[in-house]
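Just so it is clear: chains get the letters A, B, ... in the order the sequence lines come, proteins before strands, and each one is counted from 1.
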Protein chains: 2
Amino acid sequence: MVDNDVFSALANPVRREVLGLLRGGPMTAGAIAGRFELSRPAVSEHLRVLRLAGLVHENPSGRKRYYELAPEGLTAVSAWLHPFERYWRDRLTSLSDVLDADEKEQP
Amino acid sequence: MVDNDVFSALANPVRREVLGLLRGGPMTAGAIAGRFELSRPAVSEHLRVLRLAGLVHENPSGRKRYYELAPEGLTAVSAWLHPFERYWRDRLTSLSDVLDADEKEQP
DNA sequence: CAAACGTGTCGGAAAGACTTGACATGTCGG
DNA sequence: CCGACATGTCAAGTCTTTCCGACACGTTTG
């Protein structure tokens, strides 16, 4: 995870779960680590990836560091997804249409 | 890419680009491979990953194989994203609110 | 049927990600 | 100040991904 790619950041289930936890409000690195059966350094690295991807904000407070969701982070995913969303919604209005469309072969 | 995880499938930029191409309609494996500076086996493997993730459908027609978008594939992503989408939309109504919220430290 | 075509899969090399244990940095309490 | 605490970072091992060249398989064409 060397680049700041949001999609790569989301590829890891632990990181997705961290984002889910953070939906309930900011948490310290330690509190987050406590929720997983992982070494603390591992969690720290996951947090670093999320931070580089712009998915979380880090606010140090004394010797603790609170992480919270970065509202703007997931907009890139949403934006990428949007054209597809329209596409599949159109087709799912009638599932039979989708199945019929599978038949159109151009030899 | 051993699991069928949709998010892992989307982590690769080539695969995201393939999905983008397929938005214009079904394409053969060869036509897809022709769009990239990659060996055909590499593209074939990407297609395999997309298929396992349920993001594309494969319909063989003679000795060609047409790939097309699987409408239902991305719904998992959309579903996961949805709660966050509401969250960040609420906060982005006023960006200054977000910045202010960063200030709330609980020692 | 044989040659040409479209494509998938196998073996292996190079690059990258994930994890862990050990160490470094900065902060709080006495 | 000094020890305890919260956390980040480094080095190394292992597993996974990605890519390529070569080969295999079914389909079409002559």
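Atom-to-atom, CG of A:L52 to C1' of C:dA17 comes out at 14 Å; the value is rounded to the nearest Å. Going from atom NE2 of B:H46 over to atom P of D:dC20 covers 9 Å, rounded to whole Å. One interatomic measurement links the two molecules: CG of B:L38 to P of C:dA15, which rounds to 16 Å at whole-angstrom precision. Rounded to whole Å, atom P of C:dC5 lies 13 Å from atom NZ of B:K64. C:dG11 atom C1' lies 13 Å from atom CD of B:E45, rounded to whole Å. When the P atom of D:dC20 is taken as reference, atom CZ of B:R40 falls 12 Å away, rounded to whole Å. Atom CZ in B:R63 sits roughly 16 Å away from atom P in C:dA3 (whole-Å rounding). For the pair A:N59 CG and D:dA6 C1', the interatomic distance rounds to 15 Å; values are reported in whole Å.
Counting any heavy atom pair closer than 4.0 Å across all strands shown, A:E37 reaches no nucleic acid atom. Within 4.0 Å (heavy atoms only), A:A42 reaches at least one base atom of the nucleic acid.
Here the closest heavy-atom approach between residue B:V6 and residue B:A53 is recorded as CG2-O, 3.5 Å. Closest of all the heavy-atom pairs between B:R16 and B:L10 is NH1-O, 2.6 Å.
Note on B:N12: every side-chain N or O is 4.0 Å or more away from OP1 and OP2 of D:dT17. Between B:S44 and C:dT9 there is no side-chain N or O to OP1 or OP2 distance below 4.0 Å. Between D:dG8 and A:Y67, a contact under 4.0 Å exists linking OP1 or OP2 to a side-chain N or O.
Cation-pi geometry between A:R23 and B:F84 is satisfied (NZ or CZ under 6.0 Å from the ring centre, within 45° of the ring normal).
In this model, no donor atom of one side chain and acceptor atom of the other lie less than 3.5 Å apart for B:H46 and B:E17.
When each of B:L21, B:L47, B:V18 is tested with B:Y67 by the rule side chain to side chain contact (heavy atoms under 4.5 Å, CB included), just one qualifies, namely B:L47.
Residue A:A29 places its side chain closer to D:dG8 than to any other of C:dT20, D:dG8, D:dA22. Candidate nucleotides C:dC18, C:dA22, C:dG8 were compared by shortest atom distance to the side chain of B:R65, and C:dG8 ranks first. Checking D:dC19, C:dG21, C:dT7 against the side-chain heavy atoms of B:T28 singles out C:dT7 as nearest.
Judged by atom type and distance alone, B:R48 does not reach the base of C:dG8 through any side-chain donor-acceptor pair under 3.5 Å.
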